[in-house]
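Heads up: the structure comes next, in structure tokens.
Numbers here are sequence positions counted from 1. FYI, side chains are in, hydrogens and waters are out, and symmetry mates aren't considered; it's all heavy atoms of this structure.
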Amino acid sequence: MARKVKNLSVKTREYVDNSGVKKANWQNIGVVMENDQGKQFMLIDRWVNLAGLPDFSGKENPSAVMVTMFDVDDYKPTQKAAPTSNNDMPF
């Protein structure tokens, strides 16, 4: 059975909080999975339109979208929960 190894996220907004600290909002767009043979693959949510994501690089006419990979917390389920999205489906 495949397991989730990374969450894929994109930055959707940058802002400065009340303390003057620069922060960002992130949106999960998919996951990196690993199968029983150790091969990795990505599952990207169907709603994602990479062309519609904002650019924070500061470059003129950027041609790429940066997707950040975040570690998945060590998840040790105590009971089976119903999937809440395609990211939770056991492929």
Side-chain angles (χ1 to χ4, degrees):
M1 176 181 270
R3 68 181 185 94
K4 186 185 336 182
V5 270
K6 298 280 185 181
N7 288 314
L8 300 173
S9 300
V10 292
K11 188 187 304 184
T12 58
R13 180 171 86 99
E14 290 181 337
Y15 64 97
V16 177
D17 70 5
N18 292 339
S19 327
V21 177
K22 188 175 179 180
K23 294 195 173 188
N25 284 13
W26 294 88
Q27 174 66 52
N28 288 333
I29 62 166
V31 295
V32 174
M33 303 285 288
E34 185 173 270
N35 66 17
D36 294 337
Q37 292 76 36
K39 297 196 180 209
Q40 293 186 348
F41 57 95
M42 291 187 293
L43 295 174
I44 306 292
D45 292 336
R46 290 186 182 269
W47 61 264
V48 175
N49 176 2
L50 296 175
L53 294 169
D55 171 48
F56 297 100
S57 69
K59 296 179 182 175
E60 189 174 331
N61 300 318
S63 60
V65 174
M66 180 181 287
V67 177
T68 305
M69 294 190 297
F70 291 101
D71 289 331
V72 174
D73 296 333
D74 290 331
Y75 178 64
K76 297 180 177 87
T78 54
Q79 62 185 25
K80 180 79 174 162
T84 56
S85 71
N86 287 344
N87 294 347
D88 298 325
M89 297 184 72
F91 290 105

Checklist entry - So how far is it from Met69 CE to Asn7 CG, rounded to the nearest 0.5 Å? => result 11.0 Å
Next on the checklist: Here's a test for you: under side-chain contact (heavy atoms from CB on, under 4.5 Å), which of Val32, Val31, Leu43 qualifies with Lys4?
Outcome noted: Val31
Checklist entry - Does one hydrophobic cluster hold both Val10 and Met42, with members joined at side-chain heavy-atom distances below 4.5 Å? => result yes
Checklist outcome for this item: Closest non-hydrogen atoms of Ala2 and Asp36, given as atom of the first, atom of the second and distance, are N-OD1, 4.4 Å
Checklist outcome for this item: When rounded to the nearest 0.5 Å, the distance separating NZ of Lys23 from CD of Glu14 is 13.5 Å
Item to check | Inter- and intrachain pairs under ring pair (Phe, Tyr, Trp, His ring centres under 6.0 Å), touching residues 16-35, at least two apart | outcome: Trp26-Phe70
Checklist outcome for this item: Contacts of Asp55 meeting side-chain hydrogen bond (donor to acceptor under 3.5 Å, both in side chains) (sequence neighbours excluded), chain-then-number -> Ser57
Next on the checklist: Going by side-chain hydrogen bond (donor to acceptor under 3.5 Å, both in side chains), name the residues that satisfy it together with Ser19, two or more places apart in sequence or in a different chain.
Outcome noted: none
Checklist outcome for this item: Closest heavy-atom pair, Tyr15 versus Asn25, reported as atoms and distance to 0.1 Å, is CE2-OD1, 3.1 Å
Checklist outcome for this item: Interatomic distance, NZ@Lys6 vs CG@Asp71, rounded to 0.5 Å, equals 3.5 Å
Next on the checklist: Checking Leu50 now: which residues fulfil side-chain contact (heavy atoms from CB on, under 4.5 Å) with it, not counting sequence neighbours?
Outcome noted: Ile29, Val48, Leu53, Val65
Checklist entry - Partners of Met66 by side-chain contact (heavy atoms from CB on, under 4.5 Å), sequence neighbours excluded? => result Thr68
Checklist outcome for this item: Output for pair (Met1 CE, Asn35 CG), nearest 0.5 Å, gives 12.5 Å
Item to check | Partners passing side-chain hydrogen bond (donor to acceptor under 3.5 Å, both in side chains) against Gln27 (at least two apart in sequence or in another chain) | outcome: none
Item to check | From Glu34 atom CD to Lys39 atom NZ, the distance as rounded to the nearest 0.5 Å | outcome: 11.5 Å
Checklist outcome for this item: On a heavy-atom basis, the closest approach of Thr12 and Pro54 is O-CG, 3.5 Å
